[in-house]
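Quick notes on the structure that follows.
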Amino acid sequence: MTAHSTPTTLRQAWGLPDTTRVVEVGLRDGLQAISTPVSTQTKLEIVHRLIDAGVREVEVASFAHPRVLPQLADAEELLRQVPRDRGVTYRALVPNLRGMRRAAECEIDDVAVVVPADDGMALKNQNRTTAQLIAEIQEIGRIAADVGQRLIVAVACAFFAPCRGPVSRAERLAVVEGALEAGAAAVYLATTTGEEHPGEVHDGIAEVRDLHPELGCGAHLHNRNGFAPANALAALSAGADWLETSFSGLGGDMWFPGDPTVLGNMATEDLLHLLHSMGISTGIDFEQHRRLATDVTAMTGFPVTSFVARGGSRDDLAAARWPDQPQGRVDGPAQR
């Protein structure tokens, strides 16, 4: 760098975008972790508040069997009532062919099907091997195409699996290739355990983008070990089209060993705070979303997990005053 050149910023050095998409998954991945089902009317109120805050992509429901997930048994009713005039893309999870057939009867933009790259997780979560699930999504893709719904394949345990450790690139890419064969428009690589590190997230997403530039690629973020903020930036640096998180940090695989307060998704309010602080626009109003997250936490009784809920934002701290500081006085380097 010469004496008169402009220093390279972190965003330039890491190739971070000016804007990115944030998909809110709290209504599905979040509320499924709450033992007492939330009413359809309350879910609709959350949807309206998310839209008012600027959220335009919402995973709103799941077509899992109601006996398995009674918290999400109202998928059809909820989808009948969500607003359709606000430019929002609605997504629902379809765990299997039966779920896809239910989804096909509903007005929905995107359907997501989960395929773990790890056999152990696939058997534990869906009672099928990864290969069996890849075979099944071919028919799911055909049904989705017939009704005009966009197929997204979620590669669960894309990098790391419980009771095992690192997942190979070959296993991860086998699911991606299967998604392409099924006609998927996009995939997302999930940091399912929250133990995934930025290096593997960056390299995994970069490889998918390099091999299949026509395929949309996102990252689904869990935060068990506090790695999610770094993984979010790593994913964006690698070219991820979107990031997905949950209000209040709700959700995640709550049957994993460990303290439930660290097993959930990355809190959307924490992601917004990070991205906006760095000048990366999302189109979402941070303060409105934070108020919603606070209300959802109080309503569900789930432990407070987000950092901005516990520690406040940069603006909160900047506006704070020392106990002996007079109102209206701001001391800083210029006054000293």
Side-chain angles (χ1 to χ4, degrees), residues 8-26 29-30 117 154-162 165-169 172 187-210 217-253 256 258-259 261-282 284 286 289-290 293 304-314 317:
T8 300
T9 67
L10 180 66
R11 278 175 52 195
Q12 292 170 332
W14 287 3
L16 298 174
D18 294 329
T19 64
T20 194
R21 294 158 48 202
V22 173
V23 177
E24 175 58 69
V25 302
D29 201 9
V155 186
C157 294
F159 310 100
F160 195 90
V167 170
S168 72
R169 61 179 293 275
R172 178 170 58 247
V187 298
Y188 65 77
L189 307 186
T191 63
T192 308
T193 69
E195 296 284 3
E196 297 78 2
H197 64 70
E200 56 196 358
V201 171
H202 174 278
D203 295 352
I205 289 177
E207 184 170 35
V208 172
R209 298 316 313 259
D210 182 58
C217 186
H220 180 101
L221 300 166
H222 289 226
N223 202 31
R224 181 188 184 102
N225 241 2
F227 293 170
N231 287 336
L233 297 180
L236 291 179
S237 179
D241 295 303
W242 78 90
L243 304 173
E244 43 189 81
T245 49
S246 170
F247 48 64
S248 309
L250 295 182
D253 292 283
F256 281 4
D259 182 344
T261 64
V262 301
L263 298 184
N265 296 285
M266 182 181 187
T268 304
E269 55 270 30
D270 285 342
L271 178 65
L272 298 178
H273 187 221
L274 171 66
L275 297 179
H276 295 179
S277 296
M278 296 184 68
I280 301 173
S281 174
T282 64
I284 301 172
F286 165 69
H289 193 286
R290 178 164 65 154
V304 177
T305 61
S306 82
F307 286 94
V308 294
R310 292 176 292 170
S313 68
R314 284 166 58 89
L317 191 56

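Counting only heavy atoms from C-beta outward, the side chains of F160 and T191 never approach each other to under 4.5 Å. The closest side-chain heavy-atom distance from F159 to V201 is below 4.5 Å. Looking at R172 and L189, their side chains come closer than 4.5 Å, going by heavy atoms from C-beta outward. S313 is not listed as a side-chain neighbour of S277, based on a closest heavy-atom distance of 4.5 Å or more. With contacts defined as side-chain heavy-atom distances shorter than 4.5 Å, the pair T268/D270 does not qualify. Residues T9 and Q12 meet the side-chain proximity criterion, which asks for heavy atoms closer than 4.5 Å.
Rounded to the nearest 0.5 angstrom, T193 OG1 and N225 CG are separated by 8.5 Å. Once rounded to the nearest 0.5 Å, the distance linking CG of L243 with OH of Y188 reads 13.0 Å. Taking CG from L236 and CZ from R11, the interatomic distance works out to 10.5 Å, rounded to the nearest 0.5 Å. Rounded to the nearest 0.5 Å, atoms CG (L275) and CG (L16) are 9.0 Å apart. Atom CG of N223 and atom OG of S246 lie 12.0 Å apart (nearest 0.5 Å). L272 CG to I280 CD1: the interatomic distance, rounded to the nearest 0.5 Å, is 11.5 Å.
Within the 3.5 Å criterion, the main-chain N or O of L233 finds no donor-acceptor partner in the side chain of S237. Listed for the E200 side chain is a donor-acceptor partner under 3.5 Å among the backbone atoms of H197. Counting only distance, with no hydrogens or angles, the side chain of R290 and the backbone of E269 share no donor-acceptor pair below 3.5 Å. Judged by distance alone, with hydrogens and angles left aside, the side-chain atoms of D241 form a donor-acceptor pair with the main-chain N or O of C217 at under 3.5 Å. A donor-acceptor contact shorter than 3.5 Å is absent between the side chain of H222 and the backbone of G251. In terms of modelled atom types and a separation under 3.5 Å, the side chain of S248 and the main chain of A293 share a donor-acceptor contact.
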Original post:
Passes side-chain hydrogen bond (donor to acceptor under 3.5 Å, both in side chains), H289 versus E24? Steps please.
Top reply: CA-CA 11 Å; H289 193 286; E24 175 58 69; 2.9 Å; yes
Original post:
Going through the checks in order, is the side chain to side chain contact (heavy atoms under 4.5 Å, CB included) test met by M278 and H276?
Top reply: CA-CA 5 Å; M278 296 184 68; H276 295 179; over 6 Å; no
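In the model, H220 has a side-chain atom that pairs as donor or acceptor with a side-chain atom of N265 under 3.5 Å. If you check the side chains of S281 and T19, you find no donor sitting under 3.5 Å from an acceptor.
The two residues T20 and W242 have their closest heavy-atom pair at OG1-CA, 4.3 Å. When all heavy atoms of T305 and G249 are compared, the pair lying nearest together is OG1-CA, 3.8 Å. Between A219 and I205 the shortest heavy-atom distance is CB-CD1, 3.9 Å. Summarising the geometry of V155 relative to A117, their closest heavy-atom pair is CG1-CB, 4.1 Å, with the distance given to 0.1 Å. Residues A13 and T8 approach most closely at N-CG2, 3.8 Å, considering heavy atoms. Here the closest non-hydrogen pair linking T192 and C157 is OG1-N, 2.7 Å.
Between E195 and R224, at least one side-chain nitrogen of the basic residue sits less than 4.0 Å from a carboxylate oxygen of the acidic one, meeting the salt-bridge criterion.
At most 12 heavy atoms of other shown residues, nucleotides or ligands fall within 6.0 angstrom of atom CZ in F307. At most 12 non-hydrogen atoms from other residues, nucleotides or ligands lie less than 6.0 angstrom from CZ of R169.
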